[in-house]
Structure formats: C-alpha cells, structure tokens
Protein chains: 2
Amino acid sequence: MDLDLRKLRYFVAVVEHRHFGRAAEQLYITQPVLSRQIRAIEQELDCTLLERTTRRVELTPAGKQLYQEAQGILAAVAAAVQRVHDADRGTRRLVVAFSPGLHVADAIRAFAQRHPDVETDVVPARWWEPDASLRDGRSQVGYLRRPFDESGLHTIPIGQDPRVACMPAAHPLARRDELTSADLDGERMLDVPRRRTSSLEEKFELIASGQGIALVPRSVARSYSRPDLAHRPVTDAPAIETCLAVLADRRERLVRDFLEIATATLRRT
Amino acid sequence: MDLDLRKLRYFVAVVEHRHFGRAAEQLYITQPVLSRQIRAIEQELDCTLLERTTRRVELTPAGKQLYQEAQGILAAVAAAVQRVHDADRGTRRLVVAFSPGLHVADAIRAFAQRHPDVETDVVPARWWEPDASLRDGRSQVGYLRRPFDESGLHTIPIGQDPRVACMPAAHPLARRDELTSADLDGERMLDVPRRRTSSLEEKFELIASGQGIALVPRSVARSYSRPDLAHRPVTDAPAIETCLAVLADRRERLVRDFLEIATATLRRT
DNA sequence: GCCGTTGATACCTTCTCGGCATGGATCTCG
DNA sequence: CGAGATCCATGCCGAGAAGGTATCAACGGC
C-alpha cells in the first residue's frame, strides 16, 4: 500500500495528455520512468487503469474513477498546505466559493470590515460539481446554486433564482415580455451539457448562433448578457434555489461568523 | 512541494502518541528515521510543527492544523482507493483475506456454487496488520485471527484457536503431551517479531535452530508442521479467537451472502 | 549530582527513482 | 505490401532517499 502523491500526479498527467511521451515531457521526466510508475500504481491497486496500444491511451472505468479521485486528493493536499501555512503565520483566511452569477461581494465586504485581520478570497464553483471545492478544502463557504450533493454539508437557502428562457435577440418569442413553458413546446432546447469541459460561454454561443433555447437561472443570464441574446422569464418554471453551504463538521468561529454576516447582509437588501 | 503520504502517516502517529519512540514502534520503523522524516516535513513546509524536549512533545498551531489536514487527506485517500476498486469490479468479484492457517476453501466453494457468475479470490492477510487488505479494498471479507484493529469493522467470531508451544522436536518439553505456561518459565521465548519483513517461516526457522520457543495458534503450527519441530498444547494459555470481518459500511448483497454462507458452512462442520 | 529516558546526529546499507539504450508492436505512406 | 515512423515497454545503471545501528546530548527524577 504505497500510493504516492507523485504517482497520482504522474497518472493525472498521462490521463490529460492521453500520451505517455508528452506527459513525461511536461513532468520533466523521461517516458520509460512514467511507464513504470503507472504500472506500479496498477500493481498497487491491482487493477488496470489504462488500455494502451502504441496508438492510443484510453481510460478503463477504474482509471476514470482514479482520475477523478486523484484530482480531488491533489487539490485537497494543496489546500491543506496552504492552511498549515496560514496557521503558522497566524493569519486567518476564509475562501468563499460561488456559483456563476451569484454575488458575494457585499457579504465579503461586510465580513472584512468586521474581521480586518482575516484574509478573504473567492473561487468560482464549477457548475457540474459546485460542492467540490468545499469538500477538498479549497474553500470554506459556498454561495451555491442547487442542486448539488448536499450530503455532509450544512446548507442555508438564501433565495430563489427564477428561470428565464435565453434565446437569440431576433427570436420571435423575444417579442413577448414573459413566457410559460407551453410557449417553449416545439422549440429546440439545449440541455444541460454533459461534458464538464463545456463552459457557459460555449452554451451562450450556441444559443446566439441559433442552435436552440436554454432555460437558465436569471442571475446567470444577467451576468452573461450580450446584445445578441434575450432572456424572458418563464412564469411557470420552478425557480432554482441558491444557498449558503459549509461542511457540516466545519463549525469554527470564522465560518459561523461569515454565515451570520452573510444572512444579515441578505436581509438588509 | 514533496509532501508524502508516508510522512503524513508518520506525523499523525507521532502526534497521537506524543512520543517519537512509541510512534516509531507502531510504525515498525526506528526512532531516528522518524525524527528525520518529521524534520523533513517541517523543512518542506518551512515551519515548526512540534515543540519537542526530551520530556514532552507538543503541537504548535501549524502542527495542530496539519494534524487535522493529514487525517482528512489520509481518510480521503483510503476512500478513494476503495472507490477505484469498486469501479474496477464492475465485473462482480469477491476477495477473501485469510490469516495464515485458517481454511476458507469450504466457504468459497459453497459460495461459488451459489454465485457461479461471481469471480472469487483469496489473498493472505499479513499477520502484523490482518485487517489492512479489508481497509484498502483489496479484499471484501476476511477470515482473521485476533487481535487486530476492529474499528470500523463488523466482526463475527467463528472459533477458538488454542495456543500451542512450538519447539525443536528434540526439546525436553516435547516429550510431554501437554504443557502449562509454568512449564515455559525459564525457556527463551521468541516474541512477536518487530520487523514486518520477518515471515512466519523465518520464525519457525529460528525455533528449529534452537533460538527459542514460541506460542502460536494451533492452526498455524499445523500448517507449517515439519519433522524437526514439535508443538504441544499449553492448557492454560488463552485461546486466540478467529472471526469473519467486513468493513462496517460494506453491506452489499454479495458480502452479506458470503457471510451467511460462511457461517452456515461453519455450522455444518 | 547521578542515572535513566528520550530525541537528535553520524554513518552505513538497501532500495526506489530516474536516465539511457533498445526492443517490439502498430500505423502510415509510397 | 514493405519500409519507416511513432510510441509504449523492458533491461540495466547511477544517484539519492529511506531505513538501520551506534552514540550523543539534554532534561527530569531521586
């Protein structure tokens, strides 16, 4: 049982390049070393992670799983080192994750005023796994849009985000002030993208180019507003809830204070 | 940035014992090695983690933080390995770990008959950490000899293994049919070996060469029986318990079925 | 003040990691 | 269809890290 962080890094590199030689180059080691290290992981885990021919490198199910796990672990280690340094310097630090479109500046400002000694930072939450940075420790608090995996988290609903239909500005429906889901029947709808590599920009690009219409949270539509796109409320679509989230076992003073200040800020507005 | 999982484990051990020597003993390494590894972590993180005098070992704030972080990371790694194995076993597969000398063939045969589609396999459990393969996911069920770390495990006692004294065949005590612990007073006893590289074969070799006598479970003595060794029951030595063990949170169908079949097999014999 | 305990240091051994050379399989192209 | 290019695997070697033994130095208890 000797799973090494170095080996995990190697594995991640190979997966991302789908190519031993190039991965080795990026890692500043030679290809044979990489081959042997990957094989070592496979032996330690006693399972095949990569199907490799001289022509292509493909992930097995176990490999796919390990790739995910490795990313999380490496991120967690990096965050941990950061926090150890913070603890050593006596500086206290709070990182807030936020789903695209949600505004955290007010709360952060209020918090910073109350705790001038605490360093604050924000990181974007990836929409396909909004809770990831909370779980791997890169952030302590999240302003997240539901749904996400809430197991092990303490969540405080803070608002509703109505869904709007986002379409090309020239679309016939854009002449209406508001829509119902019935109006969208027969329109080509863009689903939630499956691949996590696809960004929201990509999605709006598709919409603008006339590939279809998408239902998105209003706050997202607003942040990405552009002249060639229109968004109109869909009155009968269920709104998307947004909430504050923290790890359930992370109840230190700093985090509790932030939650309090954040909810107070909300009430004031 | 060369934070190693091994070093994290070392650090956790030192923190939990608040004592380098005892931690080293638990880790099956020597104390100087541990001292150096801890210092290496401190250099890599560029901060002091432990205040140590010859009399006490105390945590600094950074050390306290790293202790928390390390626990989380190690747990995360273990869980990750577990999930990779699960992903790999899309094909259904059950691996049974067994302490040396315990017989699992009957149960496996019965299980294989009932589940012809499930691949079965056995792996030996290393005596110094019989539960390791359960925890790291290489096995799902164990036939293990106590004692071992049962935290997080569900265990079902399945029998007693009386202790026998194992000695050279020519030893005076070998002329007796059974012994008591009083008979062993004054004999040189071979302790449980410290180094985890030492095998049972090695131990029996030592006994045969006249280095001493050892108390071992009867089933072990039987599996390793050889003409130049004799083993005699020690009537008043507490018997060693054997049990079935599974991870407490591993209650899937396959595992439950195996436990049922295994206990039924035991009752029949 | 002496002795036992405990962590640190010095020195040696062993094993893993990384590099280089090369083999063997597969795809491409003439 | 065969020659060449590409790319991962294997064998062997050197350097460095990890582990062991012996010993020192500091601190506490009596």
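Residue numbering restarts at 1 for every chain, and letters A, B, ... go by the order of the sequence lines.
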In sequence, state the C-alpha distance, the side-chain angles, and the governing distance for A/Tyr10 and A/Ile29, and then conclude on side chain to side chain contact (heavy atoms under 4.5 Å, CB included).
CA-CA 10 Å; A/Tyr10 288 180; A/Ile29 59 175; 3.8 Å; yes

Going by distance alone, is a donor N or O of one side chain under 3.5 Å from an acceptor N or O of the other, for B/Thr242 and B/Asp161?
no

Are A/Glu44 and A/Lys7 within salt-bridge range, i.e. N to O under 4.0 Å?
yes

Reported CG-to-CD distance for the pair B/Leu27 and B/Gln37, which is rounded to 0.5 angstrom:
10.5 Å

Residue-phosphate contact under 4.0 Å: A/Tyr28 side-chain N/O, C/dG19 OP1/OP2
no

Going by heavy atoms closer than 4.0 Å, what residues in residues 33-43 of chain A are next to DNA chain D?
A/Ser35, A/Arg39

Starting from P on D/dA17, measure out to CG on B/Leu3 and report it in whole angstrom.
16 Å

Euclidean distance, atom CZ of residue B/Arg6 to atom C1' of C/dC17 [Å, nearest integer]:
12 Å

Let me know the distance between CG of B/Leu49 and P of C/dG7, rounded to the nearest Å.
16 Å

B/Gln31 CD to D/dG19 P, in whole Å, measures 14 Å

Report the distance from atom CZ of B/Arg18 to atom C1' of C/dG7, rounded to the nearest whole Å.
16 Å

Interatomic distance, CG@A/Asp46 vs OG@B/Ser133, rounded to 0.5 Å, equals 11.0 Å

Base, sugar-phosphate alone, or nothing: which one does A/Thr53 contact when heavy atoms must sit under 4.0 Å apart?
sugar-phosphate

Nearest whole Å is fine: how far is D/dA25 C1' from B/Arg52 CZ?
15 Å

Could you state the atom-to-atom distance from CZ of B/Arg56 to P of C/dT5 in whole Å?
18 Å

Of D/dT21, D/dC8, C/dG18, the nucleotide closest to the side chain of A/Ile29 is C/dG18

Assuming nearest nucleotide by heavy-atom distance, tell me which of A/Arg22 and A/Pro32 is located more 5' along DNA chain D.
A/Arg22

Does a side-chain N or O from A/His19 land closer than 4.0 Å to OP1 or OP2 of D/dT6, or not?
no

Distance in Å, B/Thr180 OG1 paired with B/Arg232 CZ, rounded so as to fall on 0.5 Å steps
15.0 Å

Does the side chain of B/Arg145 come under 3.5 Å of the side chain of B/Ser219 through a donor N or O and an acceptor N or O?
yes

When rounded to whole Å, the CG to C1' distance for the pair B/Leu27 and D/dG20 reads 15 Å

